[in-house]
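As the structure lists them, so they are numbered: ligands from 1, and atoms in each ligand from 1.
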Amino acid sequence: MPGRIVVLPETLTNRIAAGEVVDRPASILKELMENALDAGATEIAVDLERGGCESIRVTDNGEGILREDVPLAFARYATSKIGAFEDIYRVHSFGFRGEALPSIASISRIEMTTRRASSPAGTRAIIEAGEVKELTDAGCPVGTSLLVSRIFEPVPVRRKFLKSDMTEQGYCLDVVTRLALMQPAVKIRVSAGVKMILNIPAVQDLAERIALTLGQDFRRQLIPVAGEIPGVRLRGFVSRPEFTRSSAAQIYLYVNGRFIKDYLLNHAVMTVYRRLTEPRRYPAAVLGLEITPEDVDVNVHPAKMEVRFRNPREIYSLIVEALGGAIGAGITPAAGAFKGPPGGGPAAYASRIEEALKRYRVASGPQKLLFGGLTGEKSGAPAVPPALHFSEPVGEPGRRDERRRFSDLHYIGQTAGTYLIFSGETGITLVDQHAAHERILFEKLLGQAQGEKAVGQRLLLPEVVSLPPREYHFLMETLPILEEAGIEAEPFGGDSIVIKAIPALLSHTEARTLILDLLADCAEASRDLPLNERREKIFTSLACRGAVKANRDLTGGEVTGLCRDLDAIPHAFTCPHGRPLAVSISLYELEKMFKRR
Ligand code: ADP
Ligand code: MG
C-alpha cells in the first residue's frame, strides 16, 4: 500500500512495543515481579519452565485486581499508578506506563487468577493474542497469579534470539537477585519445575539480605556506607578492598529502589577502589541512592535500567566521599595507602570526574549508554599485538622441527619484571613469562584431561564457599569439566559448595580465590556454550590464574624449568588468549638497526 498512511492496529503496536520491553523471558519476569512488588506483596513465588522459555508463573500475595479492572490491566497505557502527566516525575512505584501487561499479552498466552481482599470471589482470566477471552469466577487466595506461556509464539524470530534454557534461566536469576537485594522484607522463592532453586526468606535488614542473596562470604566483607547531600541520600554496603573479584558484575546500583546500570556511578565507585586494589580487580557493592524524583529521569528507556541525573557532579562526589570515608575507616593501615579524598574538595579526583562526566554526556546522547569502560575493562578480546616489524614468531605451527629449543638459549636476564631475555646463535629472544607459563599450564591441564586422570591436590581443610545463585548453578553444571582439571567440589547445602581438591599444578594458589575467579571469568562468558566448549574457557582461566605473574623475579632454576616445559609442549607460540609468548630479533635485524647492513 505505497503512499497510504495507516494507523497500526493496536495488537501490532503492542507487539512492537513488546520488542522494546520484553526481549527475553527475564524481562517478562522483571515486569511481573515489579507488578507484584507494586501491589504490596510480601511473598512472591516464581516458577520457570525451561528457564522461562516455556512458561513463567509469578504468584504474589499483593492487593489483587478487581474483576472489572482486569480487562483494563491488559489495555495499553492503562495503569493504576499514575493519574496526571506531572505524576510521571513523582512515581515511586516500578511501573507507571501501563505498557508491560499488554506488551506481554501480545506475544504470549496469559492465564491469571486474582482476588482482592474485599471480594468474596476471585477472578480467572485467559488472555490470548492480547484479548481477554475468558473472565470467570475462581476460588483463589488474595493476590495475583500470572502464568505466561507460549512465549514469543506470534513472533518466531524472537525465539531465535533466545539462548539455551540454562542461559535464559541465568538471566531470570539475575532479575530475581537484583530485585531481592533491595526488598529485604519480601520473601522470594524460585523453582524450576519441581526443583526449588532459590529460597530467600524475608529479613529485617539489607546486610542480611545481601548475605542471603549473594553468599555468606559477603557478610564478613561488608562495610556500611552512608552519605547525604540536599535531595540525595546514599545507603548501602561495599566490600573491603581485600575482597575483590575479577569483574564488575557484583556492583549493584539502585536509584529509588530501581536497579540501574550507570557508567558514572560505577566510575565513582572505582575511583575509590582504584588506589586500593590491583588493576582489573573490582569490589562488590550494593548501593542505593534515594533522589528527589524531580532530580532524576528514570524514563529514559522502557526497560528502565538507565537514568539521567540532574546533578551528576554532586552525586559523583557524594559517592566518592562516602565510600572513601567508609573504607578509610574500615581498613587496616597495611591494607592500603588510602587517605581519602582531600577533606575540603574534590581536587584530587577533579580530572577523573571531568573525564567521567565528559564520557557520561557523550554516552547519554541519543545512543545507548556506554557501560563498556569499567565492566568491559576485563581482558576482553585479545587485541592484535602491537606490530613489532622486526620480530618474527619463534616458530610456526607445522614447522616444529626447525623450531629452536628454548633450552638451548642462553638466559641473560629479566627486564621490566616480565620479559626474559635470551641470547642464541641466531639472535635474541624475549619471552613473556606470564604468557609462557599460562600456555604451559593450559597444555598440561588439557593433557591431563585427555589422559587418564587429572591430578588433583586434596586440600588439608576443605574450603566452603557460598556463591550467588547463578554462579552456583553454573558451577554445578560444569563440575565434570572441573573434575577433568583436578578440581573436586560438591554442593554443601544452600548456596554453598565445598572445595575438596584443586589441580596439583595450581596448588600454590588459594582454593577459594581460584574458584571465585574462575566463576567470574567464565560464568558469564561461557554459559551459552555447550559443556564441551566450556572446557577451553575454563582451562584458559585456570592457566591464567595459576601462571606466574608479571613483576616477579624468577630464579635461574625457574627459568630453566620454564624453558624445558616450553620445549615439551606443542603450541609454544601464543598464550591461550592468543597473545604471542615470545618474539625474536634476528642478528640480521640487529645489524640493520645498527646500520651495519
Ligand atoms: P504498570 O505497572 O506500568 O502500571 P502494567 O501493564 O505492568 O503497567 O500493569 C497494569 C496494571 O495492572 C497495573 O497498574 C496494576 O493496576 C495491575 N496489576 C498488574 N499486575 C498486578 C499484580 N500482580 N497485582 C495487582 N495489580 C496488578
Ligand atoms: Mg508494571
Side-chain angles (χ1 to χ4, degrees), residues 10-11 13-23 25-47 56-85 87-108 110-119 122-127 130-132 135 138 140-148 175-176 178-179 183 186-189 256-259 293 298-305:
E10 191 172 299
T11 41
T13 52
N14 282 345
R15 222 175 265 174
I16 294 167
E20 293 248 337
V21 190
V22 289
D23 55 349
S27 34
I28 297 179
L29 178 63
K30 172 173 178 279
E31 296 294 339
L32 299 185
M33 287 187 74
E34 288 185 348
N35 279 347
L37 291 168
D38 283 345
T42 55
E43 277 187 47
I44 302 177
V46 175
D47 186 42
I56 300 172
R57 184 196 292 277
V58 174
T59 305
D60 67 56
N61 66 349
E63 63 182 5
I65 308 174
L66 283 173
R67 166 90 49 100
E68 53 267 38
D69 283 347
V70 169
L72 272 179
F74 291 93
R76 194 95 191 270
Y77 303 129
T79 174
S80 56
K81 299 166 195 171
I82 190 169
F85 180 76
D87 288 350
I88 289 190
Y89 293 97
R90 278 190 223 113
V91 282
H92 276 289
S93 55
F94 286 109
F96 54 84
R97 295 164 166 253
E99 270 180 330
L101 288 187
S103 297
I104 295 167
S106 74
I107 49 94
S108 67
I110 300 182
E111 215 180 301
M112 177 165 100
T113 54
T114 184
R115 180 160 82 86
R116 302 248 320 180
S118 55
S119 319
T123 303
R124 184 178 121 92
I126 291 179
I127 298 91
E131 290 183 15
V132 180
L135 206 57
C140 59
V142 173
T144 304
S145 179
L146 271 108
L147 172 64
V148 182
V175 163
V176 177
R178 290 166 183 171
L179 284 171
Q183 306 287 339
V186 180
K187 174 176 168 180
I188 300 176
R189 277 177 303 143
N256 295 346
R258 245 176 244 280
F259 175 84
V298 291
N299 202 4
V300 182
H301 183 270
K304 304 176 210 115
M305 287 229 284

Under-4.0 Å heavy-atom contact with ligand 1, by part of Ile65 that carries it: side chain

Relative to ligand 1, is Asp69 under 4.0 angstrom through side chain, backbone, both or neither, heavy atoms considered? neither

Minimal heavy-atom distance between Pro141 and Arg115, with the atoms involved, is O-CB, 3.7 Å

Heavy-atom check, side chain of Asn35 versus side chain of Leu146, under 4.5 Å: no

Measure the distances from the heavy atoms of Pro102 to every atom of ligand 1 and state whether one is below 4.0 angstrom. yes

Contact between Gly62 and ligand 1, counting heavy atoms under 4.0 Å? no

Backbone N or O of Thr113 within a donor-acceptor pair of the Arg124 side chain at under 3.5 Å? no

Under the criterion side chain to side chain contact (heavy atoms under 4.5 Å, CB included), which of Ile104, Leu101, Val148 is the partner of Glu31? Ile104

Under 3.5 Å, N or O to N or O, is Glu31 touching ligand 1 that way? no

Does the N or O separation between Asn35 and ligand 1 drop below 3.5 Å for any pair? yes

Any idea which of Ser103, Ala39, Ala36 brings a heavy atom closest to atom 25 (C) of ligand 1? Ala39

Within the 4.0 Å heavy-atom shell around Ala100, which atoms of ligand 1 are there? 6 (O), 7 (O)

CD1/Ile188 to CG/Asp60 distance, rounded to the nearest 0.5 angstrom? 11.5 Å

I'd like to check the side-chain contact (heavy atoms from CB on, under 4.5 Å) partners of Val132; sequence neighbours left out, ordered by chain and number. Pro71, Ile127, Leu135

